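Take a look at the structure below.
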Amino acid sequence: MSNKYRTHNCNELRKEHVDSDVVLSGWINKKRDHGNLLFIDLRDNYGITQCIIDKENLNFKEIEKIQLETVIRIEGKVVNRSNDTINNEIKTGEVEVGIKNFKVLGTCKELPLPVFSDQEYAEDIRLKYRFLDLRRKKIHENIILRSKVITFIRNEMNNLGFLEFQTPILTSSSPEGARDFLVPSRLNPGKFYALPQAPQQFKQLIMVSGFDKYFQIAPCFRDEDARSDRSPGEFYQLDLEMSFVEQEDVFNVVEKLLLNTFKKFSNKKILFEKFPKITYKDAMLKYGSDKPDLRNPLIINDITGIFLRDDVKFEIFKKLVKSGSMVRCILTKNTKDKPRSFFDNIDKWAKEQGTSGLAYFTFENEKELSGKGPVGKFFSKESLEEIMKLTGAEVGDSIFLACSKQKELEKITSLARDKIAQDLNLINNDVFAFCWIVDYPMFEIDDTNNKIEFSHNPFSMPQGNLENINFDKPLDILAYQYDIVCNGVELSSGAIRNHIPNLMYKLFSIAGYKKEVVDEKFSGMINALSYGAPPHGGIAPGIDRIVMLLADEKNIREVTMFPMNQNAQDLMMNAPSEVSEKQLKELDIYLKTKK
RNA sequence: GGGGGUGUAGCUCAGUUGGUUAGAGCGAUCGCCUGUCACGCGAUAGGUCGAGGGUUCGAGUCCCUUCACUCCCGCCA
């Protein structure tokens, strides 16, 4: 490509171009002004080319004064660099362009943040001037990576026989799940559309419509609070759904897709080529979480039984256990020589998390087996042997103990598992550890009001032979519901769907929804399922999180082009914003709070 | 809604026990410099110490209130 702005881009010129006349356009990345000799690093999307001019040139005085990040067009001749001035850091480093003529194409004011710098900047400035921030090397490359990953995934899905369809953005509000973003309808005063939290019902309807395999890089909207791995407002999923499949069929497709993607875009080793399957129940016990980081070798054990023994004198825990608490522990290998401060810091940290802290001791065998540390003396030799049997502990290992009710216990042991592994430097950052979490319960109980609720997706198929499901014990019903986790990040969530209307009504009734309510709120779905619905299932991996892992970033905004801040504001575009009285009137909306 | 962290020059930060006129690097402006690639050297400008209140002879520093950003909990079927 050659036009009035450029004959080459800023990453193209090599030795073979020496002596040719070229035109380059780009941003002034950096100037090095020697007074009578000036170097300009010209940058575009593709790379950097060093351009040079000296005082013999009539343009010298003028070009010397130009601000960094000004866009200029340069005419010049490609010249060789002498051996001692070759720059191997850049692709064009063997040559440079001797400037003959130049023109300013876009002027630049004094910069609110430097583009040429690896420093980190306050988030609000970066977001307000995102167009400048995006010029910076690391994030520029992240966004390009994101584009390439999406293209790759799209190709893979096409090759696997999936068809890409768009689904509506303006749809109806649904009672389950996250808060909806609402859009008022002008033509239907008093009524609202909702932005889709995910194309869940639509993708099932696509299956009912007979399309067999669907995918979409789908925008999803949820009005919930942000986290470092969770954008407020909107994010993207690789939404996919397949007809006439069992759970394993979905697993095979997604495992292959993720393996191919992660191998192509990262050099990190994949720890398990065949993703291990962990039941939800096991995950909550062994890792305290349904998104365990399997790079972390620490395992949680339940040793509640120990505290029923008469030869254990740890009265605080024993009393709590009698009133229904449990005791779980984390074992650290060969930590007998760690300083007291190591243990106390972890206990202190646990207290800062709002818990009663972590007790600990080390297994010792001086004269005979004993527990060393503040609570070690409470355990008899026999009880220590029993603990060693239960946990696989050996002399020289230490053990951290937490005692609490189940939910709180899971939370603190999960956090402690991460914290201890970090302190002991046990996590290998050069690997990806995938796993499936399977056998989610269909329902869970809400502590605050003792109400039975869907634990994940109300459209999931319960496990077991339909005649044998015991609906009287809803908390025991498992679902064909699964998650993929990688390095402790929840990557996707999916299920084999319930395509049987009567079973759907039954499950909704357990969660407290009458048939009429289901008919009204899920009319499209439930109606469609009554007209010959195929068995089907799918999953929806989060695109942003996949790219975040591939780019080795800890924050999702580093792989999002124009993210909102934590308060769901776009500081560059000033969204959300107030609207005119006229707009509100047309929508039949009256604001309660007025200035 | 709750908890933690941060807030000092355009940017990144330092600022001791409360004590004189609040500093550095980068950037900006001006000058010198013909082989740099984080060029070098010299000078100048640039501050509501997030905001408000309080304690004190004296507050960037201590106390209270508040705001912004961020991390976490809740929330995210």
Side-chain angles (χ1 to χ4, degrees), chain A residues 29-41 48-57 60 64-65 67-69 79 81-90 92-93 96 108-129 132-133 174-180 197-198 200-201 220-233 235 349 352-355 407-408 411-412 415 418 440-444 446-448 453-460 479 481 483 490 493-495 507-508 511 540 542 554-555 557 565-567 569 571:
Chain A
N29 193 54
K30 190 71 190 164
K31 283 190 300 188
R32 288 175 295 281
D33 189 351
H34 291 231
N36 294 315
L37 176 73
L38 171 68
F39 297 97
I40 289 179
D41 288 341
I48 285 177
T49 302
Q50 174 166 287
C51 304
I52 183 167
I53 186 169
D54 69 16
K55 67 173 179 192
E56 304 301 317
N57 190 303
F60 186 77
E64 206 183 11
K65 298 252 181 295
Q67 269 272 355
L68 297 184
E69 292 306 311
V79 292
R81 293 210 209 178
S82 65
N83 278 338
D84 54 329
T85 60
I86 286 174
N87 182 356
N88 290 315
E89 304 284 308
I90 54 175
T92 60
E96 61 197 8
C108 180
K109 298 199 286 189
E110 187 177 348
L111 294 166
L113 62 93
V115 172
F116 173 67
S117 168
D118 293 329
Q119 258 174 6
E120 300 205 25
Y121 303 98
E123 198 84 24
D124 39 354
I125 293 170
R126 292 183 58 193
L127 293 184
K128 183 169 180 194
Y129 296 96
L132 287 178
D133 191 37
S174 71
E176 283 284 320
R179 294 184 188 92
D180 283 318
Q197 296 178 22
Q200 181 63 37
Q201 294 190 58
C220 304
F221 305 90
R222 296 178 192 174
D223 188 4
E224 294 294 347
D225 288 357
R227 286 287 181 280
S228 58
D229 65 350
R230 204 165 84 201
S231 294
F235 61 98
W349 163 88
E352 283 165 7
Q353 306 305 304
T355 71
K407 263 202 164 162
E408 198 190 323
K411 197 177 123 192
I412 184 59
L415 288 170
D418 290 340
Y440 275 84
M442 190 80 215
F443 298 101
E444 65 188 4
D446 185 328
D447 306 328
T448 56
E453 297 179 332
F454 288 108
S455 74
H456 262 66
N457 186 326
F459 305 122
S460 298
Q481 165 87 41
D483 276 12
E490 185 190 312
S493 184
L507 295 171
F508 267 103
K554 291 202 164 46
N555 193 300
R557 290 187 296 274
N565 70 6
Q566 194 166 44
N567 295 321
Q569 300 158 339
L571 300 176

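When reading the values below, keep in mind they use all heavy atoms of this one structure, side chains included, and skip hydrogens, waters and symmetry mates. Letters A, B, ... are given to chains in the order of the sequence lines, protein chains preceding strands, and every chain is numbered from 1. Source: prediction; values computed, not measured.
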Please state how far atom [atom1] in [X] lies from atom [atom2] in [N], giving the value in whole angstrom units.
{"X": "A/E64", "N": "B/C32", "atom1": "CD", "atom2": "C1'", "answer": "11 Å"}
{"X": "A/L132", "N": "B/G10", "atom1": "CG", "atom2": "P", "answer": "17 Å"}
{"X": "A/R126", "N": "B/U12", "atom1": "CZ", "atom2": "C1'", "answer": "14 Å"}
{"X": "A/R81", "N": "B/G35", "atom1": "CZ", "atom2": "C1'", "answer": "10 Å"}
{"X": "A/E110", "N": "B/C11", "atom1": "CD", "atom2": "P", "answer": "10 Å"}
{"X": "A/N83", "N": "B/U36", "atom1": "CG", "atom2": "P", "answer": "14 Å"}
{"X": "A/I48", "N": "B/A38", "atom1": "CD1", "atom2": "P", "answer": "10 Å"}
{"X": "A/L38", "N": "B/C33", "atom1": "CG", "atom2": "P", "answer": "14 Å"}

Please report the distance separating the [atom1] of [N] from the corresponding atom of [M], rounded so that it comes out in whole Å.
{"N": "B/G46", "M": "B/A9", "atom1": "P", "answer": "15 Å"}
{"N": "B/A59", "M": "B/U17", "atom1": "C1'", "answer": "14 Å"}
{"N": "B/G50", "M": "B/A68", "atom1": "C1'", "answer": "7 Å"}
{"N": "B/C39", "M": "B/A28", "atom1": "P", "answer": "11 Å"}
{"N": "B/G18", "M": "B/C13", "atom1": "P", "answer": "25 Å"}
{"N": "B/G4", "M": "B/U12", "atom1": "P", "answer": "25 Å"}
{"N": "B/C69", "M": "B/G74", "atom1": "P", "answer": "22 Å"}
{"N": "B/G7", "M": "B/C63", "atom1": "P", "answer": "15 Å"}

Which part of the nucleic acid, if any, lies within reach of [X] when heavy atoms closer than 4.0 Å are counted: base, sugar-phosphate only, or nothing?
{"X": "A/E96", "answer": "base"}
{"X": "A/Y121", "answer": "sugar-phosphate"}
{"X": "A/S82", "answer": "nothing"}
{"X": "A/P112", "answer": "sugar-phosphate"}
{"X": "A/Q569", "answer": "sugar-phosphate"}
{"X": "A/I90", "answer": "nothing"}
{"X": "A/Q200", "answer": "base"}

To the closest 0.5 Å, what do you measure between [atom1] ([X]) and [atom2] ([Y])?
{"X": "A/R32", "Y": "A/I40", "atom1": "CZ", "atom2": "CD1", "result": "10.0 Å"}
{"X": "A/Q50", "Y": "A/I90", "atom1": "CD", "atom2": "CD1", "result": "6.5 Å"}
{"X": "A/C51", "Y": "A/K31", "atom1": "SG", "atom2": "NZ", "result": "13.5 Å"}
{"X": "A/L113", "Y": "A/E69", "atom1": "CG", "atom2": "CD", "result": "9.5 Å"}
{"X": "A/L38", "Y": "A/N57", "atom1": "CG", "atom2": "CG", "result": "10.5 Å"}
{"X": "A/Q197", "Y": "A/E224", "atom1": "CD", "atom2": "CD", "result": "8.0 Å"}

Salt-bridge contact [X]-[Y] (side-chain N to carboxylate O under 4.0 Å):
{"X": "A/R126", "Y": "A/D133", "answer": "yes"}
{"X": "A/R557", "Y": "A/E123", "answer": "yes"}
{"X": "A/D225", "Y": "A/R230", "answer": "no"}

- [ ] For the pair A/S455 (side chain) and A/P441 (backbone), establish whether a donor and an acceptor sit closer than 3.5 Å, ignoring hydrogens and angles.
- [x] yes
TODO: Determine which bases of RNA chain B form Watson-Crick or G-U wobble pairs with both distances under 3.5 Å, and write the result as a 5' to 3' dot-bracket string with | for other-strand partners.
DONE: (((((((..((((.....[...)))).(((((.......))))).....(((((..]....))))))))))))....
Open item on the list: For A/F459 and A/Q119, find the nucleotide of RNA chain B closest to each by heavy atoms; which residue's nucleotide sits nearer the 5' end?
Closed with: A/Q119
Open item on the list: Assuming nearest nucleotide by heavy-atom distance, tell me which of A/P114 and A/L37 is located more 5' along RNA chain B.
Closed with: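 The answer here is A/P114.
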Open item on the list: Any side-chain N or O of A/R32 below 4.0 angstrom from OP1/OP2 of B/C39?
Closed with: yes
Open item on the list: Determine whether a donor-acceptor pair (one donor, one acceptor, N or O, separation below 3.5 Å) exists between the side chain of A/Q50 and the base of B/U36.
Closed with: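 Under the 3.5 Å cut-off, the side chain and the base do form a donor-acceptor pair.
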TODO: Determine, answering yes or no, if A/H34 is stacked on B/C39 under the 5.5 Å centre rule and the 30° plane rule.
DONE: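 The base of B/C39 is stacked with A/H34 (centres under 5.5 Å, planes under 30°).
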Task: Sequence-distant partners of A/D483, salt bridge (Lys or Arg N to Asp or Glu O under 4.0 Å), two or more places apart - done: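 For A/D483, no residue satisfies salt bridge (Lys or Arg N to Asp or Glu O under 4.0 Å) once neighbours in sequence are set aside.
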Nearest listed nucleotide, side chain of [X], among [options]:
{"X": "A/D54", "options": "B/U34, B/A38, B/G10", "answer": "B/U34"}
{"X": "A/K55", "options": "B/C33, B/G35, B/U34", "answer": "B/U34"}
{"X": "A/K30", "options": "B/A28, B/G35, B/A38", "answer": "B/A38"}

Open item on the list: Is there a side-chain contact between A/Q569 and A/N567 in this structure, where contact means two heavy atoms from C-beta onward sitting under 4.5 Å apart?
Closed with: yes
Open item on the list: Using a 4.0 Å heavy-atom cut-off to protein, can you give one letter per nucleotide of nucleotides 70-76 of chain B, 5' to 3': B if the base is in contact, S if only the sugar-phosphate is, - if neither?
Closed with: BBSBBBB
